[in-house]
S.K.: 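Right, I'll just put the structure down here and ask away after.
Values reported hereafter were calculated over all heavy atoms of this structure, with side chains retained and with hydrogens, waters and symmetry mates removed. Counting starts at 1 for both ligands and their atoms, in listed order.
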Amino acid sequence: MEVTRERAWQTLTQYTKAEALRRHALAVEAAVGWYARDFGEDEEFWRATALLHDFDYEIHPTLDKHPQDGAPLLREEGYPEELIEAVLSHAEHLNMERDTKLKKTLFACDELAGFVHACGLVRPDGIATLEPKSVRKKLKQPSFAAGVHRDEVYAGAELLGLELDDHIRNVVAAMRPIAAELGLRTSEAA
Ligand SMILES: [Fe+2]
Ligand SMILES: [Fe+2]
């Protein structure tokens with residue numbers, strides 16, 4: 001099969017009905033797509049992978065099933081092993097080596113995109129003026145977006161060989177153009 005962003009979106013929305021999960025997929029897609037372009041990699045393939053990384057979470061909401069039980073479903077749909085392996089590698093509990101740029105980037109963007117999203121939801125202009133400094137400050141408040149694993153955010157930046165501030169700046173910049181789709185207020189509306 002030809003892996004396209006459109007095909008991945010179809011698979012995602014077939015299994016994922018919850019808006020919050022679809023928005024998470026879009027946020028991670030934006031960040032991973034941003035890096036694909038920055039690195040000169042296959043943006044369509046990277047976007048499809050990011051869209052699908054949590055595609056089975058709604059049907060497999062526990063770590064004894066997600067994402068490992070999603071893999072056979074992707075295989076049945078005809079997705080290539082390269083994509084499936086990258087999807088699997090985002091999960092810490094599977095302890096897979098992140099030995100490709102795509103795997104590193106997906107891991108680095110997953111928790112941070114979720115965290116930036118959470119930051120944007122409590123700001124009057126969403127992420128329009130969100131700076132790394134205030135993201136870092138919020139990372140140090142354990143009660144804020146408590147579900148986001150801080151250690152994975154820090155490990156992700158390191159894996160990409162980036163300063164945390166630069167990684168935050170990139171992810172925010174990637175998400176800004178789709179802020180409305182992510183349910184965030186935009187500066188025009190503020
Ligand atoms: Fe996941
Ligand atoms: Fe995720």
S.K.: Of all the N, O or S atoms in D110, which has the shortest distance to the Fe ion (ligand 2)?
M.R.: OD1

S.K.: Would you say that V32 contacts T49 through its side chain, given a criterion of any heavy-atom pair below 4.5 Å between the two side chains?
M.R.: no

S.K.: From E111, does some N, O or S atom reach closer than 2.8 Å to the Fe ion (ligand 2)?
M.R.: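 Short answer: no, not a single N, O or S atom is under the cut-off.
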
S.K.: Report yes or no: do Y154 and H167 form a side-chain donor-acceptor pair below 3.5 Å?
M.R.: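 On atom types as modelled, these side chains do not qualify, holding no pair under 3.5 Å.
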
S.K.: One pair to check against salt bridge (Lys or Arg N to Asp or Glu O under 4.0 Å): R98 and E92. What are the steps and the verdict?
M.R.: CA-CA 10 Å; R98 299 193 178 98; E92 278 288 76; 2.8 Å; yes

S.K.: When you draw lines from the Fe ion (ligand 1) to NE2 of H90 and to NE2 of H66, what angle lies between them, to the nearest 10°?
M.R.: 100°

S.K.: Please report the interatomic distance OH(Y15) to CG(D54), rounded to the nearest 0.5 Å.
M.R.: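 The distance works out to 15.0 Å.
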
S.K.: Taking the Fe ion (ligand 2) as the reference point, name the nearest N/O/S atom of D54.
M.R.: OD2

S.K.: Would you check if the Fe ion (ligand 1) lies under 2.8 Å from any N, O or S atom of H53?
M.R.: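 Of the N, O and S atoms in H53, none lies under 2.8 Å from the Fe ion (ligand 1), which means no.
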
S.K.: Do the side chains of E29 and R47 get close enough for a salt bridge, i.e. N-O under 4.0 angstrom?
M.R.: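 Counted as a salt bridge, because a side-chain N and a carboxylate O are separated by less than 4.0 Å.
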
